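A quick write-up on the structure given underneath.
Chain A is the first sequence line, chain B the second, and so forth, proteins listed ahead of strands; every chain is numbered from 1. Worth saying up front: this structure is predicted, and the values here are computed from it rather than measured.
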Number of protein chains: 2
Amino acid sequence: MKNTKRAKLEAAGWAVGSVKQFLGLSEADEALINMKLGLSHSLRARRQQEGLSQVQLAERLRSSQSRVAKMEAGDPSVSMDLLVSSLLLLGATSADLAKSIRGGVKGKGRHAA
Amino acid sequence: MKNTKRAKLEAAGWAVGSVKQFLGLSEADEALINMKLGLSHSLRARRQQEGLSQVQLAERLRSSQSRVAKMEAGDPSVSMDLLVSSLLLLGATSADLAKSIRGGVKGKGRHAA
DNA sequence: TCATTCTATGTCATATGTGACATATCGTCA
DNA sequence: TGACGATATGTCACATATGACATAGAATGA
């Protein structure tokens with residue numbers, strides 16, 4: 001993963017999938033990104049659900065606010081492992097994660113195709 | 001992740017979950033490991049389905065035989081990202097992955113509790 | 001027995017991810 | 001306006017994952 005524009009575009013609310021051929025993304029790359037974005041959004045949703053700030057969540061995860069921000073932004077520098085283990089620490093079940101992964105990005109995107 | 005005995009035990013066919021308190025594993029750690037094992041097994045299943053050797057699969061993935069072996073063995077050194085992207089390259093869909101993740105290890109384990 | 005093929009395991013240099021820090025942006029309230 | 005809290009972004013030292021290589025074990029066939 002190199003291109004950073006990608007994540008920015010997507011985090012900015014693009015309908016994911018629309019940027020596929022735009023950059024040289026393979027189907028697999030695209031799918032992986034979608035899955036990660038699904039997890040990112042789940043993470044933010046759960047955090048807000050619990051009424052936590054990024055700082056508070058970072059404490060629970062024994063991480064830092066900046067990393068939490070990056071997780072939620074779908075930054076290419078965050079691994080799926082980190083997203084998943086964070087969600088698990090927030091109480092998500094395997095079934096929850098499966099849903100996030102399968103559904104990819106759920107939030108009604110602006111610019112929807 | 002540090003302990004390597006863990007993966008060995010599990011790869012050896014233990015009913016996953018039975019080793020939980022045995023080592024100092026949190027629920028989250030355990031869940032993550034289960035998910036990874038589910039993916040590992042899916043990978044092996046798909047490879048065999050296609051009649052590929054580990055060497056052949058490694059070529060497709062632009063990786064090496066040893067890493068494929070480690071992926072399939074559930075070695076702690078392999079990331080979820082690698083497992084997932086490998087499965088995607090093998091043609092798995094998001095739904096397939098969701099299933100593997102949700103179900104964790106599927107194979108009827110010996111030593112079942 | 002020896003070859004051959006496939007898989008497992010250990011090690012290493014390099015690539016990538018991570019937490020931490022600084023700093024910027026944004027919104028809200030006085 | 002300024003101050004405050006929350007979030008975003010860039011950078012860096014250190015940790016971990018990765019591909020590659022060597023080598024060992026296991027299974028099969030001659």
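- Side-chain nitrogen and oxygen atoms of B/Arg44 include at least one within less than 4.0 Å of the OP1 or OP2 phosphate oxygen of C/dA8.
- The side chain of B/Ser64 sits closest to D/dA20 out of D/dT7, D/dA20, C/dA20.
- Separating the CD atom of A/Glu72 from the C1' atom of D/dT7 is a distance of 9 Å, rounded to the nearest angstrom.
- Residue A/Arg47 has no polar side-chain atom (N or O) positioned under 4.0 Å from OP1 or OP2 of D/dA6.
- One N or O donor and one acceptor, one from the side chain of A/Gln65 and one from the base of D/dA8, sit under 3.5 Å apart.
- Taking atom CG of residue B/Leu43 and atom P of nucleotide C/dA8, one finds them 12 Å apart after rounding to whole Å.
- Between A/Lys36 and B/Asp81 there is a salt bridge, since a side-chain N of the basic residue sits under 4.0 Å from a carboxylate O of the acidic one.
- Not one side-chain nitrogen or oxygen of B/Ser66 sits closer than 4.0 Å to the OP1 or OP2 atom of D/dG19.
- Rounded to whole Å, the distance from CZ on A/Arg67 to C1' on D/dC14 is 13 Å.
- In terms of phosphate contacts, B/Gln54 brings a side-chain nitrogen or oxygen within less than 4.0 Å of OP1 or OP2 of C/dA8.
- The main-chain N or O of B/Ser53 is found under 3.5 Å from a side-chain atom of B/Gln56 such that the two form a donor-acceptor pair.
- The CG atom of B/Leu83 sits 12 Å away from the C1' atom of D/dA17 (whole-angstrom rounding).
- For the helix from C/dT1-D/dA30 to C/dA30-D/dT1, the rotation axes defined at the first and last 5 base pairs enclose an angle of 30°, given to the nearest 10°.
- In this structure, CG of B/Leu57 is placed 13 Å from C1' of C/dC6, rounded to the nearest angstrom.
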Requested in this report: May I have the step-by-step check of side chain to side chain contact (heavy atoms under 4.5 Å, CB included) for A/Met80 and B/Leu83, ending in yes or no?
Outcome: CA-CA 10 Å; A/Met80 199 158 168; B/Leu83 286 167; over 6 Å; no

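- Side-chain polar atoms of B/Gln54 and B/Glu72 form a donor-acceptor pair below 3.5 angstrom.
- Taking atom NZ on A/Lys36 and atom C1' on C/dG17, their separation rounds to 10 Å, with Å as the unit.
- One atom, CG of B/Asp75, and another, C1' of C/dT7, lie 14 Å apart when rounded to the nearest Å.
- The base of D/dG10 sits with one of its N or O atoms less than 3.5 Å from a complementary donor or acceptor on the side chain of A/Lys70.
- Side-chain atoms of B/Ser40 come within 3.5 Å of backbone atoms of B/Met71 as a donor-acceptor pair (strictly under, hydrogens ignored).
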Report task. For salt bridge (charged side-chain N to carboxylate O under 4.0 Å, His left out), just list the numbers for A/Asp96 and A/Arg46, CA-CA rounded to whole Å, side-chain angles, deciding distance to a tenth of an Å, and then say yes or no. Result -> CA-CA 11 Å; A/Asp96 293 330; A/Arg46 277 191 179 266; 2.9 Å; yes

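- At whole-Å resolution of the value, CG in A/Leu52 and P in D/dG5 are 17 Å apart.
- A donor-acceptor pair under 3.5 Å is formed between the side chain of A/Arg47 and the backbone N or O of A/Leu52.
- Nucleic acid contact class of B/Val78 (heavy atoms, under 4.0 Å, all strands): sugar-phosphate only.
- Both A/Ser79 and B/Ser53 lie near DNA chain C, and the one whose nearest nucleotide falls closer to the 5' end is B/Ser53.
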